[in-house]
Amino acid sequence: MAKGVFLAWSSPVSPDQLGAFDEWYESTHIPQVRAAVPSISGVARYELVDPAADGPSYRYLTVYELDDADIPAAAAAMNESA
């Protein structure tokens, strides 16, 4: 069980850039974050959906699970890598 989590909300600049955004997020961004914060034990990415909306929101939530309870140290490591 995770001892802490980071929540990250994100969106592509425009819907027509969704493919490039998803590719960058999955193949570049997530690995960079995992390298910067060794206590990350799992990552899950979700699309935020509004059932009342007419179409996709193009908004995403990424949950980074931490196996260390030192959240300030993990946040500092993430900020240093940015």
**Student:** Please list all pairs passing the ring-ring contact (aromatic ring centres under 6.0 Å, His included) test where one or both residues lie in residues 54-74, with sequence neighbours left out.
**Tutor:** none

**Student:** Look up atom CD in Glu23 and atom OG1 in Thr28, then write down how far apart they are to the nearest 0.5 Å.
**Tutor:** 7.0 Å

**Student:** Under the rule for side-chain contact (heavy atoms from CB on, under 4.5 Å), what residues qualify as partners of Glu26, not counting sequence neighbours?
**Tutor:** Ile30, Arg45

**Student:** Determine all donor-acceptor pairs shorter than 3.5 Å in which one atom belongs to a side chain in residues 34-44; sequence neighbours excluded.
**Tutor:**
| residue | atom | partner | partner atom | Å |
| --- | --- | --- | --- | --- |
| Ser41 | OG | Glu65 | O | 3.4 |

**Student:** My understanding is that only residues two or more places apart in sequence, or in another chain, count here; which of them pass side-chain contact (heavy atoms from CB on, under 4.5 Å) with Asp50?
**Tutor:** Ala52, Ala53

**Student:** When hydrophobic residues are tied together by side-chain contacts of less than 4.5 Å, even through go-betweens, does Leu7 share a cluster with Met78?
**Tutor:** no

**Student:** For Ser11, enumerate each residue passing the side-chain contact (heavy atoms from CB on, under 4.5 Å) test, keeping only those at least two apart in sequence or located in another chain.
**Tutor:** Arg59

**Student:** Got a second to check how far Ile71's CD1 is from Leu66's CG, nearest 0.5 Å?
**Tutor:** 4.5 Å

**Student:** For residues Leu18 and Leu61: do they belong to one hydrophobic cluster (side chain heavy atoms under 4.5 Å, members Ile, Leu, Val, Met, Phe, Trp, Tyr)?
**Tutor:** no

**Student:** Can you pull the ring-ring contact (aromatic ring centres under 6.0 Å, His included) pairs that have at least one residue in residues 3-26, sequence neighbours excluded?
**Tutor:** Phe21-Tyr25, Trp24-His29, Tyr25-His29

